[in-house]
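Model, not experiment: these values are computed from the prediction. This chain uses plain numbering: 1 for the first residue, then up along the sequence.
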Amino acid sequence: MTQEELDALMAGGLDDADDAVGDEPKIDDMAEDINIQEEPVQTKKEDSAISIDPSAYRVSADAAWPPPPPTEDHKMVHQLDDVTRDSEAKATEMLDKLEAINNFFMDAESGCNSINDGISANIELFNTLSEKFPNVGAFSEALEQNNALKSNVDEMIGNLQMGQDEIMMAMDMMQYQDIHRQKIERVINVMRALSKYMNTLFEGKIDDDKRVGSAVHIAGDTTTENLVSNDDIEALIESLGKK
């Protein structure tokens, strides 16, 4: 039953309403028509609900509408907060690991310096012995071996020092993580400020639970769907009968 038919029913007066009450087949026919017309509407609602099912929703750059459902996976500020929290925690762990590696390198360099000092003492000793006992070949051979060992230890110390320099550069690059975190936090603050502004802008003086329900149909609407339910018709007929 359309709104126009309902308006005609109301305009007929109490006499027509009494006739309408007494004529039961007409009410049944109207109820059947309403039931027949309501089924496609319910199907559309069900299809619409299925199309935006949070479990089946997939983010796509081509889909402009509908927007994603407000689940935990699609709340932007929540996700950005998770990104900043997790990235900061991982960055701290990475800096701790780099610092530990750098400490290992420093300890290794200190040990190599101690070995180098011992080799230097051996070189001085075998050099003196080779000068005093030139005919003893063992002293000259030991001197050559210690010179070779000292060269290898010096190379190791140089590699450890270059490794420490690389670690320091890596730690400096990790500082950009803090800059990225600050940028994300600035975006979060702008989004939160905008959200509060919009909430304030659309704020009303009347609580939503105290507001009058919106009209289903207003004069001038172009919709042709059945906008009157069985309960509405029965309530209208009952009110007319009481008058």
Side-chain angles (χ1 to χ4, degrees), residues 40-113 155-216 218 221 223 225:
V41 177
Q42 292 177 356
T43 303
K44 292 180 180 178
K45 291 182 179 179
E46 292 174 358
D47 295 342
S48 177
I50 294 174
S51 64
I52 58 174
D53 184 9
S55 61
Y57 183 85
R58 296 293 181 273
V59 178
S60 175
D62 298 332
W65 191 261
T71 59
E72 293 296 330
D73 295 335
H74 297 114
K75 292 183 178 180
M76 295 181 291
V77 175
H78 287 190
Q79 292 192 39
L80 292 176
D81 288 335
D82 293 341
V83 169
T84 55
R85 183 189 67 250
D86 296 341
S87 61
E88 184 177 4
K90 294 301 181 182
T92 302
E93 293 178 4
M94 183 64 69
L95 290 174
D96 292 339
K97 294 296 183 182
L98 291 174
E99 186 177 0
I101 295 173
N102 187 61
N103 292 334
F104 289 146
F105 281 1
M106 292 178 63
D107 294 340
E109 182 183 359
S110 179
C112 289
N113 288 328
E155 185 177 357
M156 292 172 59
I157 293 174
N159 290 333
L160 291 173
Q161 291 176 347
M162 287 189 294
Q164 293 179 55
D165 294 339
E166 293 294 331
I167 289 176
M168 294 302 296
M169 287 189 289
M171 295 177 72
D172 290 338
M173 286 186 287
M174 288 297 296
Q175 297 300 324
Y176 283 99
Q177 175 63 32
D178 184 64
I179 298 176
H180 295 161
R181 177 185 59 80
Q182 294 179 23
K183 289 182 178 180
I184 294 175
E185 288 178 349
R186 183 168 59 184
V187 172
I188 293 174
N189 291 331
V190 172
M191 293 173 64
R192 293 298 301 160
L194 181 60
S195 175
K196 293 179 180 178
Y197 171 75
M198 295 299 292
N199 291 335
T200 304
L201 187 64
F202 294 117
E203 187 179 18
K205 296 182 180 180
I206 304 175
D207 295 337
D208 292 337
D209 55 353
K210 297 180 180 179
R211 292 183 179 277
V212 178
S214 300
V216 177
I218 301 175
D221 290 348
T223 179
E225 295 181 358

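Remark: R192 CZ to L194 CG distance equals 10.5 Å, nearest 0.5 Å. Taking OG1 of T84 as the start and NZ of K183 as the end, the distance is 15.5 Å to the nearest 0.5 Å. With values rounded to the nearest 0.5 angstrom, L80 atom CG is found 14.0 Å from K75 atom NZ. Between atom CG of residue N159 and atom CD of residue E109 there is a gap of 11.0 Å, rounded to the nearest 0.5 Å. Here M106 contributes atom CE and I167 contributes atom CD1; the two are 10.5 Å apart, rounded to the nearest 0.5 Å. Separation of atoms CD (E185) and CG (D81) is listed at 8.5 Å; rounding is to 0.5 Å.
Without hydrogens or angle criteria, S195 side chain to M191 main chain gives no donor-acceptor distance under 3.5 Å. Looking only at distances, no side-chain donor or acceptor of N102 sits under 3.5 Å from a matching main-chain atom of L98. For T200 (side chain) and K196 (main-chain N/O), a donor-acceptor pair under 3.5 Å exists by modelled atom type.
Among I101, D107, N103, the one residue that satisfies the side chain to side chain contact (heavy atoms under 4.5 Å, CB included) test with F105 is I101. The only option from R186, R85, E88 that meets the side chain to side chain contact (heavy atoms under 4.5 Å, CB included) definition with R181 turns out to be E88.
More than 12 heavy atoms of other shown residues, nucleotides or ligands fall within 6.0 angstrom of atom CE in M174. More than 12 heavy atoms of other residues, nucleotides or ligands lie within 6.0 Å of CE in M171, so this atom counts as buried by the packing criterion.
Using a 4.5 Å cut-off on side-chain heavy atoms (C-beta onward), E99 and L95 make no contact. Counting heavy atoms from C-beta outward, Q177 and M94 have side chains that stay 4.5 Å or more apart. By the 4.5 Å heavy-atom criterion applied to side chains, M169 and E166 are counted as neighbours.
A salt bridge does not link K97 with E93: none of the charged nitrogens is closer than 4.0 Å to a carboxylate oxygen.
Checked by atom type, the side-chain pair Q182/D178 shows a donor-acceptor distance below 3.5 Å.
Closest of all the heavy-atom pairs between I157 and C112 is CG1-CB, 3.4 Å.
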